[in-house]
Amino acid sequence: MLNRSLCAAARARGMLAAPLVGSAAPSHAGPSRAAHSHSVAGAVSQPAAGDARPQHRARKGTGGNRQLPGVRNQQQRAQPRAAAYAEHDVWQPLSPPKPAFARPPRQPAWMAAPRDNAATQHNGRLLRLRAALGAGDGAAVHEAWLALGEGRSRLIEADRVLLLRLAKRELEDAGGDTEAIAAARRDYALAAAQRRSALTVDWARLCLRAGDVDTPARLAATFIGAAPPTHAGVDVQVLSLVSLAMLGWCSQSRDLQPLLALVRGQPHLRSATISLPRIRRTCDAVFKEQPCLLPNAEQAREAAMEAAPLLDASWGIDSLPARQAEDEEDDGEPARSLATSDPDTQNSLATRFASLAGMRQADAVLALDAAAQRAIELGYLRSGADAEWTDQTTASLLEALLGLDKRAEAAAAWKAHLVRSGKPRPSSTVWSGLLHGYARVVDSTALWDTWKSMRPEERTPKMLTTTISGLFHGREVEEARERAMALFQEARSQGPLSVEVWNAVLYGQVTSDRIAVVESLLQEMVAGHNGAPRPSVSTFNTVLRYFARRGDIPELQARLRAMSEFGIEPDVVTYTTVLDGLMRAGRSSPTATVLQLMRESGEAPNVYTHTALLKGLLNPGGTLEASGARMHAVPHFREALELLLKMEAEGPLPSEVTYNAVAHAVVRHGTDVHEALSTLPEPFSSPVPLSAPGEEPGVLDCLAREAPNVGIALQIWDRMRARKLPLPRPAVHTFLMAFLSASHLPEPAVRALERRTTQLLERCTSEGPSPRPRTWLLVLQLLMERNSPATLKRVLALHGKWAADRPEAADGMLGRLVHQARTQLAQDRGE
DNA sequence: GTAGGGTTAG
């Protein structure tokens, strides 16, 4: 269908509106009719089977040393406490508040017209309450409060805040003699606190200081079930309330199980990182002021700090199906998870490791590992629950650590797993975590070594796909590709392989431009020869990618026709690939046709489609050398930024790739941005980014005026940060380029951007994405063109630290450039 | 690990 329509694109194009592109782009010639170029090139060149080379490189992470360290003894000091509380009515202290207070009013009181007598009466009482609040008269407030009766539920937010402030002040003023006042005022303060706010946390803290340990828990219970906040990340108020509740319960040696159960089952908390220092600060604040009537204060604080990791380990655990459903709603894409993609082996802790790794929070991964181990030993995470530590958990932890380049930690986790499991060999699941981790950091050598270390019975068909696909991504391209092909041929000789394995091989051949091999493999699949599986839509999409990347539209058409003849319908990936191919060829008009076709076929454009579209808008002449003069067509910044804002508002949400595509184009085409500035949508028309710590806002105003493209790039970074998107390496390079390539800027702006440069490099060396030689080359080259010895010195120092355990970094171009930079610096100093 | 960013090393 698509192929026929593509041929008709030129005809149809006049009738089709450009749906996503704000204004119709200038039209170029439509695609030419393709000749049948269906013949497949020569026979398969069979790569040599097997790999005779000796294994010379030491295995990474697979831990040859399996000695048992004495880790067990120190872990046994606490007994599982959960059982002792089995009969205890754990919900007693957390019984819900009176129904009248359970929900905030649906309608503010002032909106209800005084139509009848009851309403007039209510308004009168309300006015009395407000008058008492205004006068700060505690006794009168309390009296008015009691008189209000049912009307309490109709208080507006402002009333509640005032009530809470008054209650807080009274409790503060009461000094040591707090019991009576706390008891008398608690009911209205509690009602007033039907809202997450810093004030609520204040109130809970005051109650705790007054020795009341149940109110914080009750507040936590109230809020935790309420609607989650709209922002991503930790619900700080809830975390503080739970921390305070925990402190209170520790002071009475109560079991924490019910409290921990509270923070479980909160799907929106799953990806949140619990900051242990924050829990500590919250608890410490209770003791800051005297008097503190909390019993056993010191022991309570110690116990709470010891228990804080349990909170971390339980946070957001459970309710996995809910979380999944939520993820899929987001943008139609399944959650990006690491080893946990198999629904049969879902495991909460594994999911959290994966999401922490996704946010590149290596410390949080390690802290959660420790916390979870402890929680298991204390019996708070129990066998049979999905919080159990399974092989899946270990696999996810390993993948996360390897993916974050924490090899030593991964090796320790590997060893700990073998000790814990008591088995001589890890399971397939655990091996799989290792493979995925190495595939993630494209370490084909380690990947291969891992594959070799596995026994045949430990290998699964999926792992073959993982390994082959990982080898094709590796850096030692030739060697890895040979290994991957040998692996494929060997496996093939032993029996039919899945279409996924074949697709992985095809993908590898496509990305290394081996189109002849691609053709012959595809032909085998189409013909069903030699046990080759039937090609899937992915197979065709993979082949299409080859021609799309080249902007080879006749071939795209031929392939689409072949696909259709084979009886496979295009999917969203097909459409995106074709769209991308058209854009690369500099043809913007047929793209409207593709989008229209998508609409007709019910394949909704997703974030990939939109990103390709954005790239096309920003490179209207195409991105291929062949498109020659059109390369210099002016980017459609207005349309692109409008589309970006539209995606943020209506979805599909932009990914880090989307943002980087825009930022990169903006940085590269500074002059064009300057000229288009007044036409850009807010906030990009006055591109003042958020200020970094210690940065004066005036500098950024100046930057927005003098280098608006840098301002916009930084605004885009702000948006990525707000969405908690990871910072990919290409984006690091984009921003480094932005910081160091703007010329003719006033001195303060230059200094601010150079400070941002060193800050970004520092961030990369400490938490990633770790710099590559390319990163340093980029920075040093740009920096040496200008006269900034102080910054150059700092960058060289950072590079020195990075290069310390990379002896190979001293070679080659980077080594020479570093030497040159050092010389330049020394000369500066000499003069 | 099918598609989008630029990368890889120089």
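Side chains included, hydrogens not; waters and symmetry mates left out as well; all remaining heavy atoms used. These numbers come from a predicted model, not from an experiment. Chain A is the first sequence line, chain B the second, and so forth, proteins listed ahead of strands; every chain is numbered from 1.
Residue A:Tyr608 places none of its side-chain N or O atoms closer than 4.0 Å to OP1 or OP2 of B:dG5. Within the 4.0 Å cut-off from OP1 or OP2 of B:dT2, not a single side-chain nitrogen or oxygen of A:Arg545 is found. For the OP1/OP2 pair of B:dG6 and a distance below 4.0 Å, the side-chain nitrogens and oxygens of A:Arg668 include no atom meeting the criterion.
Atom-to-atom, OH of A:Tyr507 to P of B:dA3 comes out at 4 Å; the value is rounded to the nearest Å. Distance CD1 (A:Ile568) to P (B:dA3): 16 Å, rounded to an integer number of Å. Atoms CG (A:Leu618) and C1' (B:dG6) sit 14 Å apart, rounded to a whole Å. Protein atom CD of A:Glu569 is 17 Å distant from nucleotide atom C1' of B:dT2, rounded to whole Å. Going from atom NE2 of A:His473 over to atom P of B:dT2 covers 9 Å, rounded to whole Å. Straight-line distance from the CG atom of A:Asn619 to the P atom of B:dG5: 9 Å, rounded to whole Å. If you measure from atom CZ of A:Arg481 to atom C1' of B:dT8, you get 13 Å, rounded to the nearest angstrom. Per the geometry, NZ belonging to A:Lys615 stands 13 Å off C1' belonging to B:dA3, to the nearest Å.
Other residues, nucleotides and ligands contribute only 12 or fewer heavy atoms inside 6.0 Å of the CZ atom of A:Arg668.
A:Thr658 comes within contact range of at least one nucleobase, with a heavy-atom separation under 4.0 Å. Nucleic acid contact class of A:Thr577 (heavy atoms, under 4.0 Å, all strands): sugar-phosphate only. Here A:Asn503 lies out of heavy-atom contact (under 4.0 Å) with every strand. Using a 4.0 Å heavy-atom distance criterion, A:Arg816 is classed as making no nucleic acid contact. A:Leu614 comes within contact range of no nucleotide atom at all, as no heavy-atom separation falls under 4.0 Å.
Under a cutoff of 6.0 Å and an axis angle of 45°, A:Arg459 and A:Trp451 form a cation-pi pair.
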Run the side-chain contact (heavy atoms from CB on, under 4.5 Å) check on A:His473 and A:Ser444 step by step: do they pass?
CA-CA 7 Å; A:His473 284 87; A:Ser444 52; over 6 Å; no
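No N or O donor and acceptor, one from the side chain of A:Thr542 and one from the base of B:dT2, sit under 3.5 Å apart. No donor-acceptor contact under 3.5 Å links the side chain of A:Thr734 to the base of B:dG5. In the interface, the side chain of A:Asn606 is paired with the base of B:dA3 through a donor and an acceptor atom under 3.5 Å apart.
With hydrogens and angles left out, the side-chain atoms of A:Thr450 and A:Ser453 include no donor and acceptor closer than 3.5 Å. Side-chain atoms of A:Thr609 and A:Thr576 form a donor-acceptor pair, as typed in the model, at a separation below 3.5 Å. A:Ser536 and A:Thr539 share a side-chain donor-acceptor pair at under 3.5 Å. A:Asp571 and A:Thr574 share a side-chain donor-acceptor pair at under 3.5 Å.
Distance from the side chain of A:Thr611 is smallest to B:dG4 among B:dA9, B:dT2, B:dG4. Closest to the side chain of A:Arg772, from the set B:dG6, B:dA9, B:dT2, is B:dA9. Side-chain atoms of A:Arg729 lie closest to B:dT8 of the nucleotides B:dG4, B:dG5, B:dT8. Set against B:dT2, B:dG6, B:dG10, the side chain of A:Met813 has B:dG10 as its closest nucleotide. Picking from B:dG4, B:dG6, B:dA9 the nucleotide with the shortest atom distance to the side chain of A:Pro730 gives B:dG6. Of the listed nucleotides (B:dG10, B:dA3, B:dG6), B:dA3 has the atom at the smallest distance from the side chain of A:Thr576. Checking B:dG4, B:dA3, B:dG6 against every side-chain atom of A:His664, the shortest atom distance belongs to B:dG6. Here the nucleotide nearest the side chain of A:His733, chosen from B:dG5, B:dA9, B:dT7, is B:dT7. The side chain of A:Arg774 lies closest to B:dG10 when the candidates are B:dG5, B:dG10, B:dA3.
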